[in-house]
Each structure stands twice: as structure tokens, then as C-alpha cells.
Amino acid sequence: KDDLLTQTIAPISEELFGTDELKKVANDLLNSLTPMKAIGLAANQCNLPYRMFVMRTQGRDFVCCNPELLEASHDTQIEQEGCMSFPLLFISIRRNKNIKVRYRDVLGNVHEEELMGRAAVCFQHEFDHLNGVVFTERAGKFALELAMKKREKMRRNAQP
């Protein structure tokens, strides 16, 4: 089975920008965040072959098509991350604290921004997805084992 989660996703072609198709994908992704209490979701997590993700952070929605990571600070932060592709798994991951990014919105407009803190972490997490990298690959062996044990305990405690 070809799993889009483990593949590098090709860029969105120029003719798709501004189409109802791309707008619908963006809206569907954004609408999926709230019920899951998530702050980010990549299209390939939903088995959709678009190089795009959405984020809801800093009090606003981001729709990032063909995103690029332009610069990353040497300063790092360790934050606990979760992922909709790995329910109930939370792992402390080291990420760059400040990043400079470029992406296009669904209309094709180019945006360049500097992100920090939680927004930077989320962008890096979702950007990884588009490159076939899942957050468990960024975790140390011990941290991953500990997180898996905690998840198993949560699952056992949740059973009726």
C-alpha cells in the first residue's frame, strides 16, 4: 500500500491555485481541527496528495500551500507534541525556536513570515509530514518508549 504519510508530497501545480477544489481541501482541513482539538493538519494525513497543511495558532488560521522553511534559529525548544495520525501519543520533541517561512495561500499569494514558539513548532511538525517524516522519527528512543507506555496506559484506563 502506498501510504502518503511516508512520502514526500509533490508541489501543488500552478493551475490549482484559486480553484474551488483547493479551497474545499483547505476548508475541510480547517474544519477537521476543531473536533479533534488539534492545531495543525497536513493534507497527506487525510490521504490527500496536496503539498499543503493548515494551522490554527496565534489566534488565526494559516493555510500553507507549497511551504518552504527559509531559515531556522540555532536556539531550540523542547515541546510536547501530539499528532492526529498517532492518537493519544505525546512526545517531547526538540525544534527550532524561531523560523522564517514562505508559503502560498489557496489563491496563490506568497506569504513570508517569521514564526516563533508554538507556531514555529506546529509549522515544523506539519512541514515534516509533507516530506514523509512523522514526529516519532524525531524522538529519542527512550522518550518514544516512555510515550508509548503512557499511551497504552491511557487506552487501558479509557476502556469500559
Checklist entry - What's the verdict on side-chain contact (heavy atoms from CB on, under 4.5 Å) for Leu115 and Val101, showing C-alpha distance, side-chain angles and the deciding distance? => result CA-CA 8 Å; Leu115 302 175; Val101 302; 4.0 Å; yes

Item to check | Thr6 side-chain N/O to Asp3 backbone N/O, donor-acceptor pair under 3.5 Å | outcome: yes

Checklist entry - So do Leu89 and Cys83 actually touch side chain to side chain, heavy atoms under 4.5 Å? => result no

Checklist entry - With the 4.5 Å side-chain cut-off for hydrophobic clustering, are Met36 and Val25 part of the same group? => result yes

Item to check | Lys37 and Met84, any side-chain heavy atoms less than 4.5 Å apart | outcome: no

Checklist outcome for this item: For Gly40 and Cys122, the nearest pair of non-hydrogen atoms, with its separation, is CA-SG, 3.9 Å

Checklist entry - Going from SG on Cys46 to CG on Leu41, what distance comes out if it is rounded to the nearest 0.5 angstrom? => result 4.0 Å

Checklist entry - If you look only at pairs with a residue in residues 143-152, which of them pass as a side-chain hydrogen bond (donor to acceptor under 3.5 Å, both in side chains), with sequence neighbours excluded? => result Lys141-Glu145

Checklist entry - Are Leu69 and Ile99 side-chain neighbours, meaning at least one heavy-atom pair lies under 4.5 Å? => result yes

Next on the checklist: Name the residue from Asn27, Asp28, Asp20 that meets the side chain to side chain donor-acceptor pair (under 3.5 Å) definition with Lys24.
Outcome noted: Asp28

Item to check | Ile78 CD1 to Ser92 OG distance, which is reported to the nearest 0.5 Å | outcome: 7.0 Å

Next on the checklist: Side chains of Arg118 and Ile39, heavy atoms from C-beta outward: is any pair under 4.5 Å?
Outcome noted: yes

Item to check | Atom pair OH/OG of Tyr50 and Ser13 - distance to nearest 0.5 Å | outcome: 9.0 Å

Checklist entry - Within a radius of less than 6.0 Å around CE of Met154, do more than 12 heavy atoms belonging to other residues, nucleotides or ligands occur? => result yes

Checklist entry - Hey, are Lys100 and Glu114 close enough for a salt bridge, meaning a charged N less than 4.0 Å from a carboxylate O? => result no

Checklist entry - So, Asn96 side chain and Ser73 main chain: donor-acceptor pair closer than 3.5 Å or not? => result yes

Checklist entry - Do Thr19 and Glu21 have side-chain N/O donor and acceptor atoms under 3.5 Å apart? => result no

Next on the checklist: Under a plain distance cut-off of 3.5 Å, with no hydrogens placed, do Thr76 and Arg94 share a side-chain donor-acceptor pair?
Outcome noted: yes

Checklist entry - Does one side chain, of Glu112 or Tyr103, offer a donor that lies under 3.5 Å from an acceptor on the other? => result no

Checklist entry - What distance do Phe135 atom CZ and Gln124 atom CD have between them, rounded to the nearest 0.5 Å? => result 14.5 Å

Checklist entry - Quick one: are Glu79 and Ile93 in side-chain contact, heavy atoms under 4.5 Å? => result no

Checklist entry - So how far is it from Cys65 SG to Phe53 CZ, rounded to the nearest 0.5 Å? => result 9.5 Å

Item to check | Heavy-atom check, side chain of Arg138 versus side chain of Asp128, under 4.5 Å | outcome: yes

Next on the checklist: Against the six-membered ring of Phe62, is Arg56 placed for a cation-pi contact (under 6.0 Å from the centre, within 45° of the normal)?
Outcome noted: no

Item to check | Exam field: side chain Glu126 to backbone Ala42, donor-acceptor pair closer than 3.5 Å | outcome: yes

Next on the checklist: Under the rule for side-chain contact (heavy atoms from CB on, under 4.5 Å), what residues qualify as partners of Val134, not counting sequence neighbours?
Outcome noted: Leu5, Phe86, His129, Thr136, Glu137

Checklist entry - Transitively linked via ILVMFWY side-chain contacts under 4.5 Å: Ile12 with Phe127? => result no

Next on the checklist: Test side-chain contact (heavy atoms from CB on, under 4.5 Å) on Val54 and Asp61; report intermediate values, then the result.
Outcome noted: CA-CA 7 Å; Val54 298; Asp61 290 344; over 6 Å; no

Checklist entry - Could Glu81 and Arg95 be called an ion pair, given the rule that one side-chain N must be under 4.0 Å from one carboxylate O? => result yes

Checklist entry - Considering all heavy atoms of both residues, which atom of Asn66 and which atom of Pro11 are nearest to each other, and what is their separation? => result OD1-CA, 3.3 Å

Next on the checklist: side-chain contact (heavy atoms from CB on, under 4.5 Å), that's the test. Do Val121 and Gln77 meet it? Break it down for me.
Outcome noted: CA-CA 9 Å; Val121 167; Gln77 61 190 5; 2.8 Å; yes

Checklist entry - Which heavy atom in Ala26 sits nearest to a heavy atom in Val63, and how many Å separate them? => result CB-CG1, 3.8 Å

Checklist outcome for this item: Scanning both residues in full, the closest heavy-atom pair of Ile91 with Ala147 reads CG1-CB, 3.7 Å

Item to check | Atom of Cys64, atom of Phe123 and distance for their closest heavy-atom approach | outcome: SG-CE1, 4.1 Å

Item to check | Exam field: side chain Arg51 to backbone Leu130, donor-acceptor pair closer than 3.5 Å | outcome: yes

Item to check | Main-chain N/O of Leu4 paired to Asn44 side chain as donor or acceptor, under 3.5 Å | outcome: yes

Checklist entry - With a 4.5 Å heavy-atom cut-off, do Leu33 and Met55 have their side chains touching? => result no

Next on the checklist: Within this structure, what is the CD-OG distance for the pair Gln45 and Ser32, rounded to the nearest 0.5 Å?
Outcome noted: 10.0 Å

Item to check | Beyond-backbone contact of Leu107 with Lys23, side-chain heavy atoms, under 4.5 angstrom | outcome: yes

